[in-house]
Amino acid sequence: MLQFQKFTLDNGLRVIYHEDRSTPLVCMNILYDVGARDEDSNRTGFAHLFEHLMFGGSVNIPNYDEPLQRVGGENNAFTSNDITNYYLTVPTANLETAFWLESDRMLSLAFSEKSFEVQRNVVIEEFKQRYLNQPYGDIWLLLRPMVYKAHPYLWDTIGKDISHIAEAKMEDVKAFFKKFYCPNNAIMVLAGNTSLDEVKRLAEKWFAPIPKGPDNKRNLPVEPEQKEFRSLTVEREVPFNAIYQTYRMCSRKDKEFYVVDLLSDILSDGNSSRLYNELVKNKKMFSELSAYADDSMDKGMFVISGKVLDGFTLEQAEKAIAEELDKLKTEKVQEKELQKVQNKIEATLEFSEMNIMNKALNFAIAELLGDADQVNKEAEKYLAVTTDQMQQQAKQIFRKENCSTLYYLAKN
């Protein structure tokens, strides 16, 4: 069981501390409760743009990376539809450098025109390279608006359209920062070789003076239930035909998530999984085939995707996948098969506890979900899943009218 302490500053910043004396390092993880779902539909891609802007210099520190590297630190960040997360590691002796750097950019970014232009161009190039000019790169630009019609999950983190970033104004960017990058919209985790007293001292010194921001109450549109099969066919310059199926499913916050996540493991986790064993290894129909449960904070997607080998049509491929899904609906998973994936996920969770960066992120996400102590209850929730629950969820999710399919054809 992972031990931790938690306290909240007067400005609303939640701080979680986990001691790990087995390492000479400390990891600082700051999770901002803002993602692509919080953007204006006419100004998308801002959360991802800010992931870049936050490294462009703050009021008192023109270059974020330089002082961190000087004290032996490393850092990175990522954005999703739900969160924006920044993390760094430093030797224990240099922990205050981390507090200094992160507090200054939470207090105020520099917002120089030069930094804005540089990072805007970086994001535009990323949009072109990863989404427009790469084989299969535009999949989520096509799939999301097919799956979602009302909820802002209908656009990807990179944004709906490249023009939204290209035409972004400085005042739009400043307003987005002021609304979301504030202490009461953040969770800070310190994991590693330090003490609670030191964490409290440094948090009070560097973060307590930062003013509280607005209370961000989400009022996102609820996605209506999908009642008809949706499909889209496109042709691209790619080596193989591909198929992408998405089924609407529960959210990461729902108790059913653990059942659905294990269903994806039954189908696609490892060489003994059903889809690999039957359709890749035995029938040699796909070069690759995977399934995963989306861990979105609002109702998400169960995704099955595969590249179809020459000699097979997309119709044959779709039928073969449907047969495997039907087995989950008509026949209960064997206890032995369920136990195998449960043991595997239990081992994965235990292994993740060996890394301070993993622990820091897991604590932050658990706190966002409602309780940091959830990190200690994840395994038991997976182990409590039954074969009856798996069959019930398979019947609920894998329905034709709950499916959106992208047929991705290779041009002859």
Side-chain angles (χ1 to χ4, degrees), residues 134-140 142-143 146-147 229 231-249 259-295 300-345 347-348 351 382 385 387 390-391 393-395 397-400 402-412:
Q134 186 170 298
Y136 310 102
D138 61 348
I139 288 157
W140 289 109
L142 300 168
L143 265 175
M146 180 162 51
V147 177
F229 173 69
S231 67
L232 176 66
T233 303
V234 297
E235 278 193 356
R236 297 288 189 269
E237 297 284 354
V238 292
F240 295 104
N241 289 338
I243 187 168
Y244 299 88
Q245 293 182 338
T246 60
Y247 293 87
R248 296 269 298 283
M249 58 168 275
V259 184
V260 182
D261 200 25
L262 286 175
L263 273 176
S264 74
D265 289 350
I266 291 280
L267 286 170
S268 177
D269 187 16
N271 291 349
S272 61
S273 63
R274 293 189 179 192
L275 291 180
Y276 179 87
N277 203 42
E278 187 63 25
L279 304 184
V280 177
K281 182 181 171 186
N282 292 343
K283 293 185 178 176
K284 295 180 171 55
M285 186 175 285
F286 293 85
S287 63
E288 57 185 76
L289 184 58
S290 66
Y292 69 90
D294 181 16
D295 60 355
M301 296 176 285
F302 191 103
V303 183
I304 300 172
S305 63
K307 295 184 175 66
V308 184
L309 287 170
D310 291 341
F312 296 95
T313 65
L314 283 176
E315 289 76 20
Q316 288 172 316
E318 188 174 32
K319 184 172 181 289
I321 293 171
E323 287 171 357
E324 293 304 312
L325 298 181
D326 284 341
K327 288 176 189 175
L328 289 171
K329 293 191 284 184
T330 58
E331 307 164 18
K332 284 185 187 176
V333 172
Q334 295 295 309
E335 290 286 352
K336 186 178 178 182
E337 189 179 16
L338 172 56
Q339 190 174 14
K340 182 180 177 182
V341 292
Q342 285 173 323
N343 291 344
K344 205 168 182 179
I345 207 158
T348 300
F351 186 74
Y382 281 108
V385 171
T387 57
M390 296 192 84
Q391 187 177 32
Q393 279 302 305
K395 288 178 178 178
I397 294 170
F398 303 132
R399 295 174 289 114
K400 183 79 170 178
N402 192 43
C403 181
S404 299
T405 299
L406 174 63
Y407 303 104
Y408 207 93
L409 304 179
K411 283 185 179 178
N412 293 325

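- Asp294 approaches Met249 most closely through the heavy-atom pair O-CE, 3.5 Å.
- The minimum heavy-atom distance linking Trp140 with Met301 is given by the pair CZ3-CE, 3.6 Å.
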Expected list for residues 262-275: side-chain donor-acceptor pairs under 3.5 angstrom, two or more places apart:
unit_1, atom_1, unit_2, atom_2, d
Ser264, OG, Asp261, O, 2.6
Ser268, OG, Ala291, N, 2.9
Ser272, OG, Lys340, NZ, 2.6
Ser273, OG, Leu267, O, 3.4
Ser273, OG, Gly270, O, 2.6
Arg274, NE, Glu337, OE2, 3.0
Arg274, NH2, Glu337, OE1, 2.8

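- Annotation: side chain of Tyr244 is in contact with side chain of Ile139 (closest heavy-atom distance under 4.5 Å).
- At a threshold of 4.5 Å between non-hydrogen side-chain atoms, the residues Ile243 and Tyr407 count as touching.
- Contacts of Phe240 classified as ring pair (Phe, Tyr, Trp, His ring centres under 6.0 Å), with partners at least two apart in sequence or in another chain: none.
- For the pair Gln316 (side chain) and Thr313 (backbone), a donor-acceptor distance under 3.5 Å is present.
- Taking the six-membered ring for Trp, Phe302 and Phe398 have ring centres closer than 6.0 Å.
- In Gln334, the CD atom is not crowded: 12 or fewer heavy atoms of neighbouring residues, nucleotides or ligands sit closer than 6.0 Å.
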Review point. Would Met146 and Leu142 count as a side-chain contact (heavy atoms from CB on, under 4.5 Å) if you check the C-alpha gap in whole Å, the side-chain angles of each, and the deciding distance to 0.1 Å?
Key: CA-CA 7 Å; Met146 180 162 51; Leu142 300 168; over 6 Å; no

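- Looking at every heavy atom in both residues, Gln342 comes nearest to Val385 through NE2-O, 3.2 Å.
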Exercise for review: Any chance you could lay out the side-chain contact (heavy atoms from CB on, under 4.5 Å) test for Met390 and Leu328, step after step, and finish with the verdict?
Suggested key: CA-CA 8 Å; Met390 296 192 84; Leu328 289 171; over 6 Å; no

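- To the nearest 0.5 Å, the span separating CD1 on Ile397 from CZ on Arg248 amounts to 11.5 Å.
- In this structure Glu237 satisfies the side chain to side chain contact (heavy atoms under 4.5 Å, CB included) test together with Lys411, sequence neighbours excluded.
- Salt bridge Lys319/Glu315: absent, no basic N to carboxylate O contact under 4.0 Å.
- Applying the salt bridge (Lys or Arg N to Asp or Glu O under 4.0 Å) rule to Lys332 yields the partners Asp388; only residues at least two apart in sequence or on another chain are considered.
- Gln391 contributes no side-chain N or O that, together with a main-chain N or O of Val333, makes up a donor-acceptor pair within less than 3.5 Å.
- With a 4.5 Å cut-off on side-chain heavy atoms, Ile304 and Leu289 count as touching.
- The salt bridge (Lys or Arg N to Asp or Glu O under 4.0 Å) test applied to Asp295 returns no partner, not counting sequence neighbours.
- Looking at heavy atoms from C-beta onward, Tyr247 lies in side-chain contact with Leu325 at the 4.5 angstrom threshold.
- Relative orientation of the Tyr408 and Tyr136 rings is tilted, given thresholds of 30° and 60° on the angle between their planes.
- Annotation: side chain of Leu409 is not in contact with side chain of Val234 (no heavy-atom distance under 4.5 Å).
- At a threshold of 4.5 Å between non-hydrogen side-chain atoms, the residues Leu314 and Thr233 do not count as touching.
- Remark: the backbone N or O of Leu406 is not paired with any side-chain donor or acceptor of Gln245 at under 3.5 angstrom.
- Applying the side chain to side chain donor-acceptor pair (under 3.5 Å) rule to pairs touching residues 283-292 yields Glu288-Lys307, Ser290-Ser305, sequence neighbours excluded.
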